[in-house]
Amino acid sequence: MRTSQFPLSTIKETPADAEIISHKLMLRAGLIRRLAAGLYTWMPLGLRVLRKVENIIREEMDRAGALELLMPTVQPAELWQESTRWAQYGPELLRIKDRHDREYCYGPTHEEVITDYARRELSSYKQLPVNFYQIQLKFRDEVRPRFGVMRAREFLMKDAYSFHIDQASMQQTFNQMHATYSQIFTRLGLKFRAVAADSGAIGGNTSVEFHVLAESGEDAIAFSTASDYAANLELAATIPASDKRPTATAKTKLVDTPTQKTIEEVAKHLKLDAKRCLKTLLVKGAEQEAVALVLRGDHSLNEIKAAKLPEVAQPLSFIDDDQIKALTGSPAGFIGPKDLAIPVIADYAALQVADFVCGANQVGKHWQDMNWERDLPLPKSADLRNVVEGDPSPDGKGTLQIVRGVEVGHIFQLGEKYSKAMNATVLDEDGKSVVMQMGCYGIGVTRIVAAAIEQNNDAQGIVWPKPIAPFQIALLPINMHKSQRLADAVNGLYTQLVDAGFDVLLDDRQARPGVMFADMELIGIPHRLVLSEKGLDEGMIEYKSRDGNVDTKLPLDNITDQLRGIILD
RNA sequence: CGGGGCAUAGCGCAGCUUGGUAGCGCAUCUGCUUUGGGAGCAGAGGGUCGCAGGUUCAAAUCCUGCUGCCCCGACCA
């Protein structure tokens, strides 16, 4: 490709709206342009990257025996009503009506459509297992689209759905997809981690997320320093302390905290560490009006864990101020676990605090030097909080570290969730009708592009991982317009490289060298060749790698073989 | 959904307080010079100042409503 026919749309100034580095660079390098909130046009240069990502995914899915198909983006409401998700899904589901006033949605995912397809097409166990996939646009009406294509409303996703006669088969394909995903992200040249996850709205049991590690990631991942354990922070477990509970050393007293309501204020007022304070949160109970959850002051409630407790009403919700007052006799800010008429559940860590401070259920009062068992009964304990750095790993090996990541893949074992609701059955060996087991496996294709930049950039711009760079080689002639000899040589070289199978971008603009260098670095082409008259005289061409590791001169003779060595390295 | 902010040339912004001829940088076009790290000079084109009302002799500027977009929050005892 020549820049005269493949115009670069680079911009020097950083767009005002862009917050994170990948978004800024994607706009500056001319990969995407915004159409409306969360909607982006992929420009020719950006699309080349997107296609390369797609192709790697496609190759690995095909290699794993999955079958590609393509389902519509617009889906009839009936299918969603059948799976009951029409009612479950909130405003994130974009609902539309056609001219006949029939209801549809723009698909945020395709479980319903594929399950409908499978129940029509699959009738025998002999056709199983089978794994269908597509690379298709999705639309999710995000509350707050941001960070460019990282959290866009419309995005490209690879989604696969497998069908099985039994759980063992589902498990087998799940394991295979786990391996396939690892292979895909490895081939894409990304630093990633597979982590245990919550399955969220898609439903089902076992699920594993794949995260590209990046500072700006929206998810926190906890992993063990000494084992393979890795989990989304939402799911990372804390374990009961093995040590004995510390013993009381002081006598309980009621202290004045006239205006101190938050843990921070109370701790400061009493000149104590927040770790010595316990906070009590009141949430709606499943049976009782409310349940008190007690946490150490420096810890934060994990709502997903709390919602799973049988005593707690789902979905988790906090009771309002009037109810707090009615139940405890005190407004929020002074609530404590002593003498409450509702169930009290304490986090494991909250039980390990002696001489603690807690609300006294009276305005302006807290208890100090309270102790479990001595001053109030030992409550039921549970894992209620988010893990923090340094917590012991739940598998008992090492301690937890926390890093941030961008979720780019998620694999689930759905089981019968959709197949049962939609009656997707096949006949088994005994001629008996059996509900199929399902797995589902997603990759955010557009998000991968942003994540790759997030992980690979410098002051000059993008430094693409080689497998997904829009071009492999930038060929830059110096003052070609002034020298016919140089023009001939460069054009010859270009043809030679293209014929050898390289993806080459020849900058044949009549631009100054500085402009060409800056543009090629911004768009992140991994290999740069510079040819000048002087170089021609010497029979040498300058080679520099975008990552800055190599900067040298190569003899022009036999250049394709030399490059093949460098590039395929 | 709650709070804050912004909307003026393709992009980034000033002008608005105190109403009166719409401006700067980048980009674009023309010419000349320049050419190994985002060139210089000279010139040119480009705007219903987000939309709709209102006040006024006069509105980008003041008032009201609407729309779009951005940011923060949605953890709290």
Side-chain angles (χ1 to χ4, degrees), chain A residues 7-20 23-24 27-28 30 33-39 90-92 142-148 153 257 260-267 274 277-283 290-295 297-304 306 316-321 323-325 327-337 340 357-366 384-386 459-461 476-483 486 507 509-523 528 530-535 542 544:
Chain A
L8 303 176
S9 308
T10 52
I11 41 181
K12 269 191 265 183
E13 290 176 72
T14 305
D17 295 350
E19 287 276 302
I20 58 170
H23 188 196
K24 288 178 189 170
L27 292 169
R28 288 227 291 131
R33 290 289 181 257
R34 196 187 73 98
L35 176 65
L39 300 177
E92 205 180 85
E142 294 283 347
V143 193
R144 222 183 122 196
R146 58 187 136 172
F147 307 145
R153 291 197 293 176
T257 49
Q260 290 74 26
K261 293 183 164 194
T262 65
I263 290 291
E264 204 176 307
E265 289 163 359
V266 171
C277 303
L278 297 188
K279 58 181 167 188
T280 306
L281 316 182
L282 302 183
V283 299
V291 175
L293 305 178
V294 180
L295 292 168
D298 59 322
H299 286 152
S300 60
L301 178 68
N302 180 308
E303 297 193 16
I304 292 172
L316 183 93
S317 67
F318 292 91
I319 65 172
D320 62 38
D321 288 354
Q323 284 175 292
I324 291 177
K325 202 147 190 190
L327 274 170
T328 67
S330 147
F334 309 101
I335 310 304
L340 283 181
V357 171
C358 65
N361 299 320
Q362 291 177 52
V363 183
K365 302 280 183 189
H366 275 75
L384 290 178
R385 66 180 175 93
N386 289 319
Q460 271 62 249
L476 310 183
I478 304 293
N479 294 327
M480 181 169 69
H481 60 282
K482 286 193 356 194
S483 162
L486 182 60
D507 200 343
R509 294 176 294 182
Q510 195 176 312
R512 302 161 67 87
V515 174
M516 297 194 295
F517 296 156
D519 273 349
M520 295 303 152
E521 281 160 8
L522 176 57
I523 67 177
R528 185 181 84 184
V530 177
L531 192 57
S532 63
E533 280 244 280
K534 204 173 114 207
E542 293 161 48
K544 188 176 183 186

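Below, read A as the first sequence line, B as the second, and so on, with proteins coming before strands; counting in each chain starts at 1. Just so it is clear, the structure is predicted and the values come from calculations on it, not from any experiment.
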A:R509 CZ to B:A39 C1', in whole Å, measures 15 Å
Side-chain donor/acceptor of A:R33 to backbone N/O of A:L27, under 3.5 Å: yes
- Item | Separation between the P atoms of B:C29 and B:G46, rounded to whole Å | 16 Å
Open item on the list: Contact between A:K365 and A:F334 at the side-chain level, heavy atoms closer than 4.5 Å - yes or no?
Closed with: no
NA contact type, A:L281, heavy-atom cut-off 4.0 Å: base, sugar-phosphate, or nothing?
base
Among B:C70, B:A77, B:G38, the one nearest any side-chain atom of A:I324 is B:A77
Please tell me whether A:N361 and A:T328 have a donor and an acceptor in their side chains that are separated by less than 3.5 angstrom.
no
Step by step, work out the side-chain contact (heavy atoms from CB on, under 4.5 Å) result for A:I335 and A:S330.
CA-CA 7 Å; A:I335 310 304; A:S330 147; 3.9 Å; yes
**Prompt:** Looking only at atom P, what distance separates B:U8 and B:U61, rounded to whole Å?
**Reply:** 13 Å
With the side chain defined as heavy atoms from C-beta on, A:H481 is closest, among B:U35, B:C75, B:G36, to B:U35
Closest to the side chain of A:V530, out of B:G36, B:C70, B:G38, is B:G36
Q: Report, as yes or no, whether the 6.0 Å neighbourhood of atom CD on A:Q460 holds more than 12 heavy atoms from other residues, nucleotides or ligands.
A: yes
By the Watson-Crick or G-U definition, both distances under 3.5 Å, B:C1 is matched with B:G73
Partner of B:G65 under the Watson-Crick or G-U wobble criteria, both distances under 3.5 Å, comes out as B:C51
I'd like the P distance from B:G50 over to B:C11, given in whole Å. 13 Å
NA contact type, A:S532, heavy-atom cut-off 4.0 Å: base, sugar-phosphate, or nothing? base
Rounded to whole Å, CG of A:L39 lies from C1' of B:C69 at a distance of 13 Å
Inset, instruction - Using atom types as modelled and distance alone, determine if a side-chain donor or acceptor of A:K279 lies under 3.5 Å from a backbone N or O of A:H299. - result: yes
A:L35 atom CG is separated from B:G68 atom P, nearest whole Å, by 14 Å
Under a 3.5 Å limit on both distances, the Watson-Crick or wobble mate of B:G10 is B:C26
Side-chain atoms of A:A16 come closest, of B:G38, B:U35, B:G12, to B:G12
- When you measure from the side chain of A:R28 to the backbone N and O of A:K12, does any donor-acceptor pair fall under 3.5 Å? yes
**Report entry** Polar pair under 3.5 Å, donor/acceptor by atom type, side chain A:E521, base B:G38
**Finding:** no
Testing B:C13, B:C71, B:A77 for proximity to the side chain of A:I263, the answer is B:A77
Checking N1-N3 plus N6-O4 or O6-N4 for Watson-Crick, or N1-O2 and O6-N3 for wobble, each under 3.5 Å, the partner of B:G19 is none
Regarding the side chain of A:F517, the nearest nucleotide among B:C75, B:G36, B:U35 is B:G36
To the nearest angstrom, the CZ-C1' distance between A:R146 and B:A74 comes to 11 Å
A:E265 atom CD is separated from B:A77 atom C1', nearest whole Å, by 11 Å
Problem - Span that lies between the C1' atom of B:U56 and that of B:G38, in whole angstrom - result: 49 Å
Smallest heavy-atom separation, A:G336 atom then A:T280 atom, equals CA-OG1, 3.6 Å
Residues passing the side-chain hydrogen bond (donor to acceptor under 3.5 Å, both in side chains) test with A:T14, sequence neighbours excluded, are none
ask   = If we take the C1' atom in both B:A14 and B:G3, what is their distance in whole Å?
value = 28 Å
By the 4.0 Å heavy-atom rule, please label A:N386 as base, sugar-phosphate, or nothing. base
**Message:** Any base atoms under 4.0 Å from A:R34, or only sugar-phosphate, or nothing? Heavy atoms, all strands.
**Reply:** sugar-phosphate
Electrostatic pair A:E521-A:R528, nearest N-O below 4.0 angstrom: yes
Would you classify A:E542 as touching base, sugar-phosphate or nothing, given that sugar-phosphate means primed atoms plus P, OP1 and OP2, and contacts are heavy atoms under 4.0 Å? base
Taking for A:P15 and for A:E533 the nucleotide of RNA chain B with the nearest heavy atom, the one nearer the 5' end belongs to A:P15
| Whole-angstrom distance between B:U33 and B:G47, as gauged at atom P | 32 Å
With the criterion being N/O to N/O and under 3.5 Å, what pairs connect the protein with nucleotides 24-31 of chain B, and how long is each?
unit_1, atom_1, unit_2, atom_2, d
B:G25, N2, A:E13, OE2, 3.1

Among the nucleotides B:A77, B:G37, B:G38, whichever has the atom closest to the side chain of A:L522 is B:G38
From CG of A:L27 across to P of B:C69 the rounded distance in Å is 16 Å
Comparing nearest nucleotides in RNA chain B, the 5'-proximal residue of the pair A:E264, A:L531 is A:L531
Considering only atom P, compute the distance from B:U64 to B:G5 and round it to an integer number of Å. 14 Å
Testing B:U35, B:C71, B:A77 for proximity to the side chain of A:Q510, the answer is B:U35
From the candidates B:C1, B:U35, B:C71, the one with an atom nearest any side-chain atom of A:V143 is B:C1
Compare all side-chain heavy atoms of A:L8 with those of A:M520 and state whether any distance is below 4.5 angstrom. yes
(Q) Roughly how many Å apart are B:C71 and B:A27, using the C1' atom of each and rounding to a whole number? (A) 28 Å
Side-chain donor/acceptor contact of A:D519 with base of B:G38 under 3.5 Å: yes
Rounded to whole Å, the NE2-P distance (A:H23 to B:C69) equals 14 Å
Answer for the Watson-Crick or wobble partner of B:C41, both distances under 3.5 Å, is B:G31
Please classify the nucleic acid contact of A:R528 as base, sugar-phosphate, or nothing, using heavy-atom distances under 4.0 Å. base
To the nearest angstrom, the CG-P distance between A:D17 and B:G68 comes to 16 Å
